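Given the structure is predicted, the values throughout are model-derived calculations rather than measurements.
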Amino acid sequence: MRISMACAAMTVLLTACGKREPRYVIGVSQCSADIWREKQNAELRMDTYCQDGVELRFASAYDSDERQIEQIDSLLASGIDLLIVAPNQVATISPAIDRAFDQGIPVIVFERKTNSKKYTAFMGADNYEMGRMMGEYIVGRLNGRGKVLQIMGLKGSSPAIDRDKGFKEAISHYPQMELVATLQGDWTEQSAYNAVKSYKGNLPDIDFVFGQNDRMALGARKALSEIGHTSKFCGIDGLPGENGGIDCVRDGILEASYIYPTHGDQLLQLAVDILDGKPYEKEIQLKSALVTAENANVLLLQYEEMMRQSQYLDELHERADSYMEQLDSQRTITLLAVGFIILLLAVIVSIYLYFLQRARIHQERTQMEREQLDFYTQVSHELRTPLTLIEGPLAQLAETKEAKEAGAEAMGLFAILQRNTHQLTELINKMLDMQAKGVSQGYEGAEVRGGENTFNAESNLMPQPLHTPVPPKKQEELAETILIVDDNADIRAYLHTILQDKYQVNEAADGQQGLALANEIVPDLIVSDVMMPVMNGLEFCQRVKSGTATSHIPVILLTARALSQHQIEGYESGADAYITKPFSAEVLLARIDNLLKSRRLLKDLFAPTPQEDATEAADSPLSSLPSPLKEDSFLLKFKDYIEAHMTDSDLNVETIGAELGLSRVQLYRKVKALTGQSPVELLRTARLQKGRQLLMTTDKNISEVAYEVGFTAPSYFTKCFKDEFGISPSDL
């Protein structure tokens, strides 16, 4: 559906760009067709080059009133924006012009007038003045005495009426000037020829013939020349070119002509100004001039130059049209490319939406699987915790003196209880694992059961001794502190029983209480459940590992969440060990002992030489532990070299490795394996330990101590000191 819509949009876009809609459509209704109007129409077309988006629609009535009325109505029906009209006659065309004006279409009347007042503007020359000027010219040539003949234009047309009035007005002031006759023509040469031929009066004594246009003057000349008459002739229009008035004056065929200006460019500019809403004059009179033998050549030269420029403009326009066609072709190609890109994008979007829908479905399925997994995890937690509280205390009871003295019968009963407890544990494990595998099959590479921490029923049918009983000690006598965080009071009690003989034990019922207690007492190790109210074990572990005072504390997560992804989450939260319920007490004690031993190693490695009383040192719980420096000569060399070069701020891993005969990588791996920390971390720890000793045993200030232990900036020493010991060096 989307692809179809994209194709449709591309088709519409290409169709729209294939044809440009004009900004304005202007209709031009010409009353006739002659060289004067051809010149004006050419000027109108040429000016469209400068008027962007103007379309002209021409119609010629060929001196027919009926045809011009039909053409005007047709132009209106075609949807023009403005009408330019040259009325054939004064009265007959007025109704059609009125209809256009009443429809709200601007009307420009040009060259000929109408008796209607419903027009927007008029543009034309003063025909009365033309007739008067030609009358005065003839009077001047005849010295105020002679006989003249006038050939009128189309009867009823405004130019013919006005030119007649002007001509008669001019010669009326000269009594010796006689107007022999006024013959009727229709602006054509043939009409004048016919009028002269059909005249019944005496024509051979005519001195001057005035044709109201050049063509009728030539028609009269032809007729009179056939009867041997040698009159002088003049007309109006003054057009250049072959058989035009100016050429005839230059060649002596006509005595004079009067230029009737076409000004098609000015006419089109007026139309555009009206349509654009710009100011304009309603009555525009075009200026004209008399053409005689004295100025005919100049006017023809001007005309030839104008024609040359006009041809040049036509060539430029043709080139522009060619360029526009090329541009249209390029635009079409560009639009096709854009359309293809849009179509391609539509396909890509469709594919994307398809996979997005699949991802959403997969996400919903994954969410449902997670919810199922959480349910089974909760069930596992609820079942494994009681089993832990059965298995552990049962194993402890089996090791008591009373149970051993009870004889074979009692031991057999203990064995039955333990065996069935193990079988119940395995049954629950299998059931939960089967359900969990079905839920977690979408997790790549996930294994449902945890590995080494899971109790094996076959290998643990009979319990092994948990630990060698030792006389109970007072909690304050035990140097190392363990914090138990679990919401199950029985689990806390059971763990307390397991740990109380070796460690000082503190308890908290949830992560929030555990975090507060951890910051208060700073224990040596934390054993925490995962699924707890208020704050779960994962968040609790993250908060412990991110705290300045507690980040060094090892954390063991003891939980019923046995799936591999659960263990991954635990280690990602910062846990040092992950043990699943039900658990082996021996495994838990061994893991605690290993973690604390690593911490003792780090403490002893760069601890200052004790100056305390030997008796006090002997009573310390750590005095019974073997010194790692005595057991490992490598660590002893490593410690001695760092202490000897501690003040060197440029001391680095490469230098230490070269001294000990190891590469940088070898040194890093060996130190990391022995201590759990990198050489850089141990170097910083050694400097901080030395700095702390100097602050406590000397009068040196913080800056002096910082530089003495190899720090380049006291501010950085202060930051590292606070991160390591939880207090500022200024507090010492």
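Counting only N and O atoms by type, the side chains of D273 and Q269 include a donor and acceptor under 3.5 Å apart.
Inter-residue side-chain proximity for T48 and L56 is flagged as met; some heavy-atom pair is nearer than 4.5 Å. Between P240 and L299, the closest side-chain pair of non-hydrogen atoms is not below 4.5 Å. At least one side-chain heavy atom of L270 sits under 4.5 Å from a side-chain heavy atom of M123.
Between R99 and D73 there is a salt bridge, since at least one side-chain N of the basic residue sits less than 4.0 Å from a carboxylate O of the acidic one. A salt bridge does not link E70 with R67: none of the charged nitrogens is closer than 4.0 Å to a carboxylate oxygen. The pair R45-E43 does not count as a salt bridge, with every side-chain nitrogen at least 4.0 angstrom from each carboxylate oxygen. In this structure, E169 does not pair ionically with K165, as no charged nitrogen and carboxylate oxygen lie closer than 4.0 Å. The pair K197-E226 meets the salt-bridge criterion, since a charged nitrogen lies less than 4.0 angstrom from a carboxylate oxygen. With respect to D52 and R23, no salt bridge is recorded, no charged nitrogen being found less than 4.0 Å from a carboxylate O.
Here the shortest heavy-atom pairing between M216 and A192 reads O-CB, 3.1 Å. For S257 against D237, the heavy-atom pair with the smallest separation is OG-N, 3.8 Å.
Partner of V148 under the side-chain contact (heavy atoms from CB on, under 4.5 Å) criterion, out of L142, V180, D207: L142 alone.
For the pair R163 and Y260, the cation sits on the ring face: its NZ or CZ lies under 6.0 Å from the ring centre, inside 45° of the axis. The side-chain tip of K222 points at the ring of Y193 from less than 6.0 angstrom away and within 45° of straight on. Taking the centre and axis of the six-membered ring of Y119, the NZ or CZ atom of K282 falls inside the cone set by 45° and 6.0 Å.
Ring pair F208/Y137 is perpendicular by interplanar angle, where above 60° counts as perpendicular and below 30° as parallel.
Atom-to-atom distance recorded for M130:CE and I259:CD1 is 9.5 Å, nearest 0.5 angstrom.
Judged by distance alone, the side chain of D126 and the main-chain N or O of Y128 form a donor-acceptor pair under 3.5 Å.
Ring-centre distance between F210 and F167: below the 6.0 Å cut-off.
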Check your understanding: Run the salt bridge (Lys or Arg N to Asp or Glu O under 4.0 Å) check on K118 and D102 step by step: do they pass?
Key -> CA-CA 8 Å; K118 293 184 176 180; D102 292 339; 3.3 Å; yes

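For Q71, the side chain to side chain donor-acceptor pair (under 3.5 Å) test picks out no residue, with sequence neighbours left out.
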